[in-house]
Asker: 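Just passing along the structure, written as structure tokens.
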Amino acid sequence: MKCPRVALWPLLGCWMACATAPVRAPVSEPPALVPTPSRALALRESWLTERHGLLLDMMRRHGVGMWVVVNEEFHDDPLTGWVAPPLPYAGNRDVFVFVDAGDAGLKRIALTGYATEVVNRFFERPDEARKPQEVLAELEAKYHPRTIALGMGGKRGVTRSLTHDSYQWLAEALGPQAQARFVSAAPLIEEYLDTRLPEEFAPYRDLVVLTESLVKRALSNEVVVPGKTTVGEVRRWLYDALWQARVTTWFEPDLRVQRQGMKDGFSRGFLAVADEAVVIQRGDLVHVDFGVTALGLNTDWQKMAYVLRDGERDVPEGLKRALANTHALQDALMLRASRPGRSSADVYDATMAEMKQKGIEAKVYSHPLGAQGHALGASIDFRAASRQDAPRVLRKGSYLAVELNTVTAVPEWGGQQVAVMQEDPAYLTDEGWKFFVPRQDAFYLIH
């Protein structure tokens, strides 16, 4: 039975508004920090030109004669938007091939289901009448690459994204002799994606500025009314803010709440995420973990706010000392332990040794940023240290989410242990890591 539209739609609209609207006013227009879609596409195409210019040397460093990236219909390879123009690809199977042609340099061939002008600016495209399998076999026979690197065998999703069917398709097209030269492209992929371009710096800094702006607003009286606003309402406000700012995100915004007298709220060694029904109260310490995605790049950001009690004008001194401990941890990792060329394991060990000397209970779980939120490269992370992974060397110019926390007993809370977690995007220089924007020097205040 068909419901009358006149009766249904007003009720549906009312239900959606009541279910999702935050206590405070909706998101207002943010500063125009993110380029329009057409400008963003032009930017990323200009960056792709620069990346292709670096690729041949990278392939030779890693002993790669041919690199093949396969994009499947409705199952995009995460590399596609980094090796080819960041467009929707709707072919059944689109293939991007890079060949070390010796003195002739880098050959770039696209075997796509549709002829697209922008793709033709970056790749040679064989006659559409020819089958992709024939072209691949011809390239292999002509250049006889010593290795054919594929997205397989890596430890991370972006380094093992080739599907089983595409692998079989390539093996059949290239033949058994070529299949014997199939190797993992993981080392090449890591260097390719972990290499930041100078041209990316200013747009990325704008994304960090935007991230900071949205988090400051979320942790303010614009959004939070103590005693009324729930964790879920703040989260939904952040989702709406993402839409308004023309960006997306790569993970669900998380909020954590600490309050005096709260029982152990830790899970797997970290402060547990708060339930959406939790009401933010006076005296709470509120934490947000949030990131934005635009231009193929990602930010990751954690900040904290204090909700003033009646009569309070500032944060208790014990909480200030807790934040100062986290600042000391940041300084140890960023300014003293880290330098280009040092291994991530050595940086981690030096940082933790300094914290032990200072009597600060600390945890470090920093990770690369860029093409992914949890990107490829050298992580400075307690889990990697415990697994005894092969140390990675820090690379100048890389981006890192300096993610860490300290736990401090707060006298004003009866000696209760309070975690102060911070996360800031930073870039590596000869003097260590530097923030894109200044770190949080004091808790945000919610009145």
Asker: Does T299 use its side chain to pair, donor to acceptor, with the backbone of V292 at less than 3.5 Å?
Answerer: yes

Asker: Minimum heavy-atom separation for E312 and R309, please, with both atom names.
Answerer: OE1-N, 2.8 Å

Asker: Do you see a donor-acceptor pair shorter than 3.5 Å between the side chains of Q422 and Q330?
Answerer: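 No, no side-chain donor-acceptor contact under 3.5 Å.
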
Asker: Is any side-chain heavy atom of T195 closer than 4.5 Å to one of M58?
Answerer: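 Yes, close enough: below the 4.5 Å cut-off.
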
Asker: Testing the basics here: between A378 and V393, what is the closest heavy-atom pair and its distance to 0.1 Å?
Answerer: CB-O, 3.9 Å

Asker: I'd like to know if the side chain of S166 pairs up with that of E72 as donor and acceptor (distance under 3.5 Å, no hydrogens or angles considered).
Answerer: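 Present: a donor and an acceptor within the cut-off.
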
Asker: Is there side-chain contact between I148 and V68, with at least one heavy-atom pair below 4.5 Å?
Answerer: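 Yes. Closest side-chain heavy atoms under 4.5 Å.
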
Asker: Looking only at heavy atoms, which two atoms of G377 and P368 are closest? And how far apart?
Answerer: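 Heavy atoms only, the tightest pair is C-CG, 3.6 Å.
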
Asker: Can you sort out the partners of E73 under side-chain contact (heavy atoms from CB on, under 4.5 Å), two or more places apart, ordered by chain and number?
Answerer: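 Partners of E73 by the side-chain contact (heavy atoms from CB on, under 4.5 Å) criterion, ordered by chain and then number, come out as N92.
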
Asker: Once rounded to the nearest 0.5 Å, what's the spacing between atom CG of L295 and atom CZ of R39?
Answerer: 9.5 Å

Asker: Drop me the distance from L219's CG to L238's CG, to the nearest 0.5 angstrom.
Answerer: 8.0 Å

Asker: Tell me if a side-chain donor or acceptor on R246 pairs with a main-chain N or O of V34 at a distance below 3.5 Å.
Answerer: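 Yes: the side chain of R246 pairs with the backbone of V34.
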
Asker: Using the ring of Y192 (Phe, Tyr or Trp, six-membered ring only), decide whether R51 places NZ or CZ under 6.0 Å from its centre and within 45 degrees of its axis.
Answerer: yes

Asker: Identify whether the distance between the nearest side-chain nitrogen and carboxylate oxygen of D254 and R235 falls below 4.0 Å.
Answerer: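 Yes, this pair counts.
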
Asker: Could you pull out the closest heavy-atom pair between A218 and V224, with the gap in Å?
Answerer: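 So the two residues come closest at O-CG2, 3.5 Å.
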
Asker: Should V278 and D275 count as side-chain neighbours, where that means a heavy-atom distance under 4.5 Å?
Answerer: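 When only atoms from C-beta onward are counted, D275 and V278 do touch, with a gap below 4.5 Å.
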
Asker: Are the side chain of T230 and the backbone of E233 linked by a donor-acceptor contact shorter than 3.5 Å?
Answerer: yes

Asker: Apply side chain to side chain contact (heavy atoms under 4.5 Å, CB included) to V234 and T229, showing your working.
Answerer: CA-CA 7 Å; V234 179; T229 305; 3.9 Å; yes

Asker: Which heavy-atom pair separates S366 from L400 by the least distance, and what is that distance?
Answerer: CB-CD2, 4.0 Å

Asker: Which residues pass the salt bridge (charged side-chain N to carboxylate O under 4.0 Å, His left out) test with R282, not counting sequence neighbours?
Answerer: D310

Asker: Strictly distance-based, threshold 3.5 Å: is any side-chain N or O of N325 a donor or acceptor partner for the main-chain N or O of T408?
Answerer: no

Asker: Taking atom types as modelled, is there a side-chain donor on N71 or D77 under 3.5 Å from an acceptor on the other?
Answerer: no

Asker: Under 6.0 Å between ring centres, would you say that holds for F436 and F201?
Answerer: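 Yes, the ring of F436 comes within the 6.0 Å limit of the ring of F201, centre to centre.
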
Asker: Are side-chain N/O atoms of S338 and W433 paired as donor and acceptor at under 3.5 Å?
Answerer: yes

Asker: Side chains of R61 and P187, heavy atoms from C-beta outward: is any pair under 4.5 Å?
Answerer: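 Not touching, per the 4.5 Å side-chain cut-off.
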
Asker: To the nearest 0.5 Å, what is the distance between CE on M59 and CG on L54?
Answerer: 13.0 Å

Asker: Do the side chains of E45 and R121 get close enough for a salt bridge, i.e. N-O under 4.0 angstrom?
Answerer: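 So E45 pairs with R121 through a salt bridge.
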
Asker: Run the side chain to side chain contact (heavy atoms under 4.5 Å, CB included) check on H327 and L323 step by step: do they pass?
Answerer: CA-CA 6 Å; H327 287 163; L323 178 59; 3.8 Å; yes

Asker: Working to the nearest 0.5 angstrom, can you tell me the gap between L210 CG and L214 CG?
Answerer: 4.5 Å

Asker: Checking T351 side chain against L329 main chain: does a donor-acceptor pair fall under 3.5 Å?
Answerer: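 Not confirmed, T351 side chain does not pair with L329 backbone.
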
Asker: So, do R93 and V70 sit near enough that their side-chain heavy atoms are less than 4.5 Å apart?
Answerer: yes

Asker: Does K358 NZ have over 12 foreign heavy atoms under 6.0 Å away?
Answerer: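 Yes, because the 6.0 Å sphere around NZ of K358 holds more than 12 heavy atoms from other groups.
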
Asker: How far does CD of E412 sit from NZ of K320, to the nearest 0.5 angstrom?
Answerer: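 If I round to the nearest 0.5 Å, the distance is 10.0 Å.
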
Asker: Do T159 and S184 have side chains that get closer than 4.5 Å, going by heavy atoms?
Answerer: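 Sidechains of S184 and T159: no contact.
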
Asker: Hey, are N405 and Y365 close enough side-chain-wise for a donor-acceptor pair under 3.5 Å?
Answerer: yes

Asker: Is a salt bridge present between R156 and E190, judged by a nitrogen-to-oxygen distance below 4.0 Å?
Answerer: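 Result for this pair is no, no salt bridge flagged.
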
Asker: Is there a donor-acceptor pair under 3.5 Å between the side chain of R256 and the backbone N or O of L271?
Answerer: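 Checked: pair present.
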
Asker: I'd like to know if the side chain of R160 reaches the main chain of G151, judged simply by a donor and an acceptor atom lying under 3.5 Å from each other, with no hydrogens or angles considered.
Answerer: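 No; judged by distance alone, with no hydrogens or angles, the pair does not exist.
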
Asker: Is any side-chain heavy atom of T80 less than 4.5 Å from a side-chain heavy atom of Y89?
Answerer: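 The answer is yes, as the side chains (C-beta and beyond) meet within the 4.5 Å cut-off.
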
Asker: Indicate whether any N or O donor in one side chain lies under 3.5 Å from an N or O acceptor in the other, for S343 and D346.
Answerer: yes

Asker: Sequence neighbours left out, what passes side-chain contact (heavy atoms from CB on, under 4.5 Å) with T112? Give chain and number order.
Answerer: D94, F96, A110, R125

Asker: Rounded to the nearest 0.5 Å, what separation is found between the CH2 atom of W47 and the CG atom of L297?
Answerer: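 Separation between the atoms: 5.0 Å.
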
Asker: What residues, two or more places apart in sequence or in another chain, satisfy salt bridge (charged side-chain N to carboxylate O under 4.0 Å, His left out) together with R439?
Answerer: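 With neighbours one apart ignored, the set is D331.
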
Asker: What heavy-atom pair brings L207 and A294 nearest, and what distance separates the two atoms?
Answerer: CD1-O, 3.6 Å

Asker: Using the rule given for side chain to side chain contact (heavy atoms under 4.5 Å, CB included), can you reason through Y239 versus L242, listing the C-alpha separation, both sets of side-chain angles and the distance that settles it, and then say yes or no?
Answerer: CA-CA 5 Å; Y239 275 127; L242 288 166; 4.2 Å; yes

Asker: Could you pull out all residues at least two apart from R342 that satisfy side-chain contact (heavy atoms from CB on, under 4.5 Å)?
Answerer: R339, V347

Asker: Only counting residues at least two apart or in another chain, list the ones meeting side-chain contact (heavy atoms from CB on, under 4.5 Å) with F251.
Answerer: T249, D289, D300

Asker: Would you mind reporting whether V288 and P253 have side-chain heavy atoms less than 4.5 Å apart?
Answerer: no

Asker: Taking the six-membered ring of Y399, is the NZ or CZ of R196 close enough (under 6.0 Å from the centre) and on axis enough (within 45°)?
Answerer: yes

Asker: Would you please test E423 and H367 for side chain to side chain donor-acceptor pair (under 3.5 Å) and show each step?
Answerer: CA-CA 10 Å; E423 185 171 19; H367 57 84; 3.2 Å; yes

Asker: Can you confirm if the NZ or CZ of K303 lies within 45° of the ring axis of Y444 and under 6.0 Å from the centre of its six-membered ring?
Answerer: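 No, K303 does not sit over the ring of Y444.
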
Asker: Treating R392 as the side-chain partner and S379 as the backbone partner, does any N or O pair qualify as donor plus acceptor under 3.5 Å?
Answerer: no

Asker: Taking the ring of F123 and the ring of H52, is the distance between their centroids below 6.0 Å?
Answerer: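 Yes; F123 has its ring centre under 6.0 Å from that of H52.
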
Asker: For Q440 and A442, indicate whether the former's side chain and the latter's backbone hold a donor-acceptor pair under 3.5 Å.
Answerer: yes

Asker: Without swapping roles, check the side chain of N221 against the backbone of I446 for a donor-acceptor pair under 3.5 Å.
Answerer: no

Asker: Take R236 and E276 through the test side chain to side chain contact (heavy atoms under 4.5 Å, CB included) and record every step on the way to the result.
Answerer: CA-CA 10 Å; R236 288 190 287 274; E276 290 208 343; 3.6 Å; yes

Asker: Would you check if there is a donor-acceptor pair between the side chains of Q416 and R259 at a distance under 3.5 Å?
Answerer: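 Side-chain D/A pair, R259 to Q416: absent.
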
